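Written out below as structure tokens is the structure these notes cover.
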Amino acid sequence: MKSVAAILIPTSAPLLVANTKAQPLLCLTATALAFLLMRMTINTSSQAATCKISFGKNKAKEKKAIENVTITSMSNRIVRVSMGSCHLLGALAYSLRNFDDHPALLSWALVAGQCVVSGIWLSSGKNGQ
């Protein structure tokens, strides 16, 4: 859980810094989606789906295939695309507000950060990664 939080907290920072005051509902939505994704990502052995794969007598090949398989559910993909959309919308809203009188370098860093994070979430949602 710590590793998931270590990814989700920094990636949410540009959105939250730029939009918490002006767009609280957007920030709340993105935060709720982040917690939902964190919950979906934590996969204990009792929750893990079991799947029968057989490679005949080649147990080493079978073990390697099972260890390397990754399946992303459609709901996980939808959450990722929704998070990407929130970050993209946040970047647009922040830039349309003329950067809330922040210094220029900070403003551009916040917009770029939100766009990069948006691209990551949108592409990982589309590609199921």
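Computed from a prediction, not measured in an experiment: that's the story for all the values here.
Scanning both residues, Val111 and Ser95, for their nearest heavy atoms gives CG2-CB, 4.4 Å. Minimum heavy-atom separation, Ala34 to Leu8: O-CD1, 3.2 Å. Nearest heavy-atom pair across Ala18 and Leu110 is CB-CD1, 4.1 Å. Here the shortest heavy-atom pairing between Leu33 and Val79 reads O-CG1, 3.6 Å. Contact between Gly125 and Arg77 at its shortest, heavy atoms only, is O-CG, 3.3 Å. Closest of all the heavy-atom pairs between Ala91 and Cys115 is CB-SG, 3.9 Å.
Put simply, CG on Leu122 and CZ on Arg80 are 11.5 Å apart, with the number rounded to the nearest 0.5 Å. Interatomic distance, SG of Cys86 versus CG of Leu28, reported as 10.0 Å (0.5 Å rounding). Rounding to the nearest 0.5 Å gives a distance of 8.0 Å between OG of Ser12 and CD1 of Ile9.
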Met40/Leu36 under side-chain contact (heavy atoms from CB on, under 4.5 Å): CA gap, chis, key distance, verdict:
CA-CA 6 Å; Met40 295 169 101; Leu36 179 60; 4.1 Å; yes
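The environment of Leu105 atom CG is sparse: at most 12 non-hydrogen atoms of other residues, nucleotides or ligands sit within 6.0 angstrom.
Transitive grouping of hydrophobic side chains (ILVMFWY, heavy atoms separated by less than 4.5 Å) brings Met38 and Trp121 into a common cluster. Side-chain heavy atoms closer than 4.5 Å link hydrophobic residues (I, L, V, M, F, W, Y) into clusters, and following such links, even through other members, never connects Trp108 to Val116.
For the side-chain contact (heavy atoms from CB on, under 4.5 Å) criterion with His87, the lone passing option out of Leu15, Thr11, Leu92, Asn19 is Leu15.
With contacts defined as side-chain heavy-atom distances shorter than 4.5 Å, the pair Ser107/Tyr94 qualifies.
No donor-acceptor pair closer than 3.5 Å links the side chain of Ser118 to the backbone N or O of Gln114.
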